[in-house]
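The structure appears below as structure tokens.
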Amino acid sequence: MRIVTWNINSLRLRLPLLAEVIRHLAPDVICLQETKVPDPLFPEKALAELGYPYFVRKGMKGYNGVAILSRYPLVASEDTPDWCEKGDCRHVAATIATDSGPVEIHDFYVPAGGDIPDPEANPKYAHKLAFVDEVTAWFANHHKTRSVIVGDLNIAPLEHDVWSHKQLLDVVSHTPPETTRLNAWLETGFVDAMRHFVPPGEKLYTWWSYRNRDWSASNRGRRLDHVWITPDLKPSLTGMTVVREARDWASPSDHVPVVVDLAV
DNA sequence: ATGGTGGAAAGTCCA
């Protein structure tokens with residue numbers, strides 16, 4: 001099973017780029033974030049024509065929005081909470097049958113958290129911390145097997161998940177309150193599938209800001225997008241690719257797709 | 001220290 005996760009930053013605007021992703025990578029499952037499309041306007045027909053007639057999506061006007069697209073039938077998970085009671089379309093989950101049994105996939109878009117790393121001064125940062133706390137408590141109480149968590153988690157947890165650990169310790173996405181929380185979430189029962197392939201001492205990024213003249217030359221990236229799996233899936237983990245070249249496509253997203261292969 | 005760019009949508013808000 002090939003899974004792609006991508007913060008597409010507008011599904012409707014970047015449908016042609018999604019078609020390229022599909023043509024080059026032929027994923028079985030595509031998890032999208034920041035679809036920015038209300039459910040009634042979801043481009044269901046175009047996605048079916050691209051080979052993905054099965055989906056679960058949660059979208060709203062203007063912001064946020066997540067979707068899981070699949071070549072194969074899926075069953076939407078209905079037991080996921082409304083995090084922080086905001087109804088803001090940041091999580092969908094579904095189960096997909098494979099030859100070796102069902103796999104559950106969670107697709108998350110964690111709040112970015114604004115600019116000021118102080119929960120008293122910045123309600124967006126407070127929301128981000130509370131969101132991760134809630135999700136962590138939920139996963140701690142829902143023991144999972146054969147599960148995958150993917151998405152834009154908006155936190156770069158390791159020193160080499162950012163271009164400068166020291167310079168970013170005060171920058172939302174890499175502050176200790178965030179990285180500590182992300183690690184606690186991971187430790188509810190998951191393994192970092194990307195770092196299984198790329199050692200923690202090596203730089204690894206999935207996002208480069210739009211606000212940069214030459215993203216590639218400055219290379220001030222961060223690893224905000226993640227793939228986690230339950231340990232029972234670890235023997236099935238056969239590959240992982242960060243599609244860095246996608247950042248140079250015409251009208252790119254600021255995030256690039258991440259591919260993971262599971263022999264299930 | 002500031003501002004840099006991009007998407008949605010028609011104000012600004014969000015990233």
Side-chain angles (χ1 to χ4, degrees), chain A residues 5-21 31-43 46 57-67 83-84 86-91 107-119 121-132 150-157 161-164 166-175 177-179 181-182 205-226 243-258:
Chain A
T5 179
W6 189 23
N7 179 323
I8 194 169
N9 188 14
S10 176
L11 172 57
R12 286 175 292 175
L13 185 70
R14 275 182 253 285
L15 256 177
L17 290 190
L18 183 61
E20 282 303 291
V21 165
C31 298
L32 301 172
Q33 304 87 37
E34 285 204 87
T35 54
K36 296 185 175 177
V37 57
D39 289 346
L41 299 178
F42 191 76
R57 81 275 192 271
K58 205 179 281 180
M60 60 194 284
K61 187 176 167 183
Y63 319 110
N64 306 335
V66 285
W83 307 110
C84 302
K86 284 184 176 285
D88 57 358
C89 306
R90 296 181 178 277
H91 177 207
D107 180 16
F108 275 96
Y109 175 53
V110 170
D115 289 330
I116 304 161
D118 173 0
N122 174 11
K124 292 179 191 172
Y125 187 69
H127 174 218
K128 183 178 196 175
L129 300 182
F131 185 99
V132 179
V150 304
D152 176 3
L153 306 186
N154 263 318
I155 298 172
D161 291 337
V162 293
W163 62 275
S164 169
K166 281 186 183 171
Q167 285 177 257
L168 287 172
L169 273 171
D170 255 347
V171 174
V172 174
S173 72
H174 193 60
T175 66
E178 294 169 89
T179 58
R181 278 172 174 80
L182 197 73
Y205 313 139
T206 63
W207 172 89
W208 292 262
S209 174
Y210 284 127
R211 304 175 189 182
N212 220 317
R213 247 166 224 285
D214 188 335
W215 72 273
S216 186
S218 58
N219 199 24
R220 295 186 168 189
R222 304 178 203 170
R223 185 170 70 115
L224 302 180
D225 303 275
H226 297 272
V243 188
R244 193 181 197 273
E245 61 267 29
R247 189 61 180 78
D248 260 339
W249 292 345
S251 282
S253 169
D254 45 355
H255 296 251
V256 299
V258 179

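In this text, all values refer to a predicted model and were calculated from it rather than measured experimentally.
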(message) Using atom P in both nucleotides, what's the gap between B:dG6 and B:dT2 to the nearest angstrom?
(response) 23 Å
Between the protein and nucleotides 9-12 of chain B, which nitrogen or oxygen pairs come in under 3.5 angstrom?
| unit_1 | atom_1 | unit_2 | atom_2 | d |
| --- | --- | --- | --- | --- |
| B:dA10 | OP1 | A:Lys61 | NZ | 3.2 |

(message) According to salt bridge (Lys or Arg N to Asp or Glu O under 4.0 Å), who are the partners of A:Arg181, at least two apart in sequence or on a separate chain?
(response) A:Asp133
(message) By nearest atom, which of the nucleotides B:dA8, B:dA15, B:dT5 is closest to the A:Tyr210 side chain?
(response) B:dT5
(message) Distance alone, cut at 3.5 Å: any donor-acceptor contact between the side chains of A:Asp248 and A:Trp215?
(response) yes
(message) From CG of A:Asp88 over to P of B:dA15, roughly how many Å is that when rounded to an integer?
(response) 10 Å
(request) Please identify each residue that fulfils salt bridge (Lys or Arg N to Asp or Glu O under 4.0 Å) with A:Asp39, with sequence neighbours left out. (result) A:Arg57
(request) Check the distance between B:dA15's C1' and A:Tyr125's OH and give it to me in whole angstrom. (result) 17 Å
(request) Just jot down the side-chain hydrogen bond (donor to acceptor under 3.5 Å, both in side chains) partners of A:Ser253, sequence neighbours excluded, or say none. (result) none
(message) Without decimals, in angstroms, what is the distance between A:Asp115 CG and B:dC14 P?
(response) 11 Å
(message) Can you see whether A:Trp207 has A:Arg222 sitting over its ring - NZ or CZ less than 6.0 Å from the centre and within 45° of the normal?
(response) no
(request) Using the test side-chain contact (heavy atoms from CB on, under 4.5 Å), find all partners of A:Pro38 that sit at least two apart in sequence or belong to another chain. (result) A:Arg12, A:Pro40, A:Leu41, A:Lys61
(request) Check whether any side-chain nitrogen or oxygen of A:Arg211 sits under 4.0 Å from OP1 or OP2 of B:dC14, and answer yes or no. (result) no
(message) As a test of reading the structure: which of B:dC14, B:dA8, B:dG6 is closest to the side chain of A:Arg14, going by heavy atoms?
(response) B:dG6
(message) Rounding to an integer number of Å, can you tell me how far A:Asn9 CG sits from B:dA8 C1'?
(response) 10 Å
(request) With sequence neighbours left out, write down each residue that passes side-chain contact (heavy atoms from CB on, under 4.5 Å) with A:Ala250, or none if nothing qualifies. (result) none
(message) Rounded to whole Å, how long is the line connecting atom CG of A:Asn212 with atom P of B:dT5?
(response) 10 Å
(request) Would you mind reading off the distance between A:Ile116 atom CD1 and B:dT2 atom P, rounded to a whole angstrom? (result) 12 Å
(request) Please report, rounded to the nearest Å, how far the C1' atom of B:dG6 is from the CG atom of A:Asn7. (result) 12 Å
(message) Without decimals, in angstroms, what is the distance between A:Arg213 CZ and B:dG4 P?
(response) 10 Å
